[in-house]
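All residue numbers in this chain count up from 1 along the given sequence. Bear in mind that the values here come from a model prediction, so they are computed numbers and not experimental data.
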Amino acid sequence: MWNNKNSIEDMIIFEDKDILVCHKAAGIAVQNARIGAADMESSLKNYLALKNMETVPYLGVVHRLDQPVEGVLVFAKNKKAAAGLTRQITTGNIVKEYLAVTDRMSEKRQGRLEDYLIKNGRTNTSEVVTSKTSGAKKAVLDYEVIHQISDERTESGKRILIKIHLETGRHHQIRVQMAHAGMPLLGDRKYNPGEISQLPLGLCSCHLIFRHPITGKKMEFQVTPNGESFAGFPNP
């Protein structure tokens, strides 16, 4: 969980003249945090400004993670890199894999979820709707159950670790689709409000693959979740 004692430098796992790759801690917003609260964008801009005080730093936010979600994020340090990364995201050429924790499992240990989602800006939530709903966007992910352990804090008495390959990037997509499929995430106060474990949100962006926006080199980053919901599982 993010706190003021954490250093933004501790989150940086790769940096060159074009990109920054970070392992974002749970609890910190990517950008636009409430007044007085730190976010990744402002913290990284301050970090870059201190490294070179002669120029105003550029930082391109090309994708995001929800505030309670931890995991890998790539940022651009110039406009050319931002355009290259954005192009890969738009064309679906960035591989994003997540680890999620639930205490309930569907009949299928692996499968594909295809739904249509619509965002409610007033409540900052999304919901599954029909394909004919105005403004609905298709959401697709693949999931696979990889581990299960006992945990008396959950309603079912177990925690289940699931690997998710994200094909689209919709608002709250994993949280909404998993809840709709009967596998709501532990610690999800929005989409699993009756959950009793009191654990933090069990969701981590664990694996990111993309091409370097300038050199074209394949870049691959994996992180191990730090959150308490993931404790006790063997490394996937």
Side-chain angles (χ1 to χ4, degrees), residues 1-15 19-34 37-44 46-47 61-75 94-104 141 143-154 158-166 169 172-175 178-179 183-192 195-210 219-236:
M1 176 64 70
W2 167 260
N3 60 60
N4 291 333
K5 294 180 180 180
N6 293 119
S7 164
I8 194 66
E9 288 94 334
D10 293 336
M11 296 190 207
I12 297 171
I13 54 180
F14 176 85
E15 180 182 6
I19 62 173
L20 270 167
V21 181
C22 298
H23 180 176
K24 183 185 94 65
I28 181 172
V30 173
Q31 60 184 164
N32 299 329
R34 65 186 184 278
D39 58 47
M40 294 292 292
E41 183 181 34
S42 58
S43 296
L44 286 170
N46 289 339
Y47 160 79
V61 179
V62 296
H63 65 138
R64 295 165 180 79
L65 292 174
D66 298 341
Q67 186 165 334
V69 179
E70 68 168 300
V72 189
L73 280 171
V74 58
F75 297 88
I94 287 186
V95 175
K96 300 177 187 175
E97 289 185 340
Y98 288 72
L99 289 172
V101 183
T102 181
D103 69 338
R104 280 170 271 172
L141 63 81
Y143 72 90
E144 180 183 4
V145 174
I146 52 177
H147 291 297
Q148 179 176 309
I149 59 177
S150 298
D151 192 323
E152 62 183 15
R153 293 172 294 180
T154 70
K158 57 192 175 186
R159 276 186 287 133
I160 300 162
L161 184 65
I162 298 176
K163 181 177 285 187
I164 293 171
H165 176 88
L166 197 62
H172 290 177
Q173 179 181 334
I174 294 174
R175 298 163 66 181
M178 293 296 283
M183 298 177 282
L185 303 191
L186 286 181
D188 195 339
R189 310 294 177 244
K190 283 184 181 287
Y191 302 102
N192 192 14
E195 195 257 312
I196 65 171
S197 74
Q198 300 301 308
L199 288 165
L201 179 63
L203 186 59
C204 174
S205 169
C206 64
H207 191 194
L208 188 68
I209 306 174
F210 59 93
M219 310 293 288
E220 184 170 5
F221 299 93
Q222 286 185 276
V223 298
T224 301
N226 295 317
E228 189 182 351
S229 291
F230 296 93
F233 288 112
N235 289 331

Provide the closest heavy-atom pair for [X] versus [Y] in the form atom of the first, atom of the second, distance.
X    : Y    : value
L203 : A100 : CD1-CB, 3.9 Å
T102 : P184 : OG1-O, 2.7 Å
E195 : Q198 : OE2-N, 4.1 Å
V74  : V62  : O-CG2, 3.4 Å
M11  : A25  : SD-N, 3.7 Å
C204 : G71  : SG-CA, 4.1 Å

Taking the side chain as C-beta and beyond, is there a heavy-atom pair between [X] and [Y] under 4.5 Å?
X    : Y    : answer
L73  : V21  : no
H147 : K163 : no
V223 : I13  : yes
L99  : I164 : no
C22  : M40  : yes
I209 : I94  : no
N32  : D39  : no
V95  : L208 : no

Candidate list V69, N192, L199, L201, test side-chain contact (heavy atoms from CB on, under 4.5 Å), partner L185, passing option =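 Only one option passes, and that is L201.
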- prompt: Can I19 and F210 be said to form a side chain to side chain contact (heavy atoms under 4.5 Å, CB included), step by step?
  reply: CA-CA 12 Å; I19 62 173; F210 59 93; 3.9 Å; yes
Side chains of [X] and [Y]: is there a donor and an acceptor less than 3.5 Å apart?
X    : Y    : answer
S43  : N46  : no
E220 : H207 : yes
Q148 : R159 : no
Q173 : Y98  : no

Which value, rounded to the nearest 0.5 Å, describes the distance between [X] atom [atom1] and [Y] atom [atom2]?
X    : Y    : atom1 : atom2 : result
Y143 : H165 : OH    : NE2   : 15.5 Å
F233 : I146 : CZ    : CD1   : 8.5 Å
F221 : C206 : CZ    : SG    : 14.5 Å
M178 : R104 : CE    : CZ    : 11.0 Å
S205 : L65  : OG    : CG    : 5.0 Å
K96  : L141 : NZ    : CG    : 12.5 Å

Taking the six-membered ring where the residue is Trp, are the ring centres of H172 and Y191 under 6.0 Å apart?
->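 Yes, they do, as the ring centres are separated by less than 6.0 Å.
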Is there a donor-acceptor contact under 3.5 Å from the side chain of [X] to the main chain of [Y]?
X   : Y    : value
Q31 : S42  : no
E70 : G227 : yes
K24 : Q67  : yes

*Start with the C-alpha distance between E41 and F75, add both sets of side-chain angles, then the distance that settles side chain to side chain contact (heavy atoms under 4.5 Å, CB included), and finish with yes or no.*
CA-CA 9 Å; E41 183 181 34; F75 297 88; 5.7 Å; no
Do NZ/NE/NH1/NH2 and the carboxylate oxygens of R175 and D188 come within less than 4.0 Å?
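Looking at R175 and D188, the cut-off is met.
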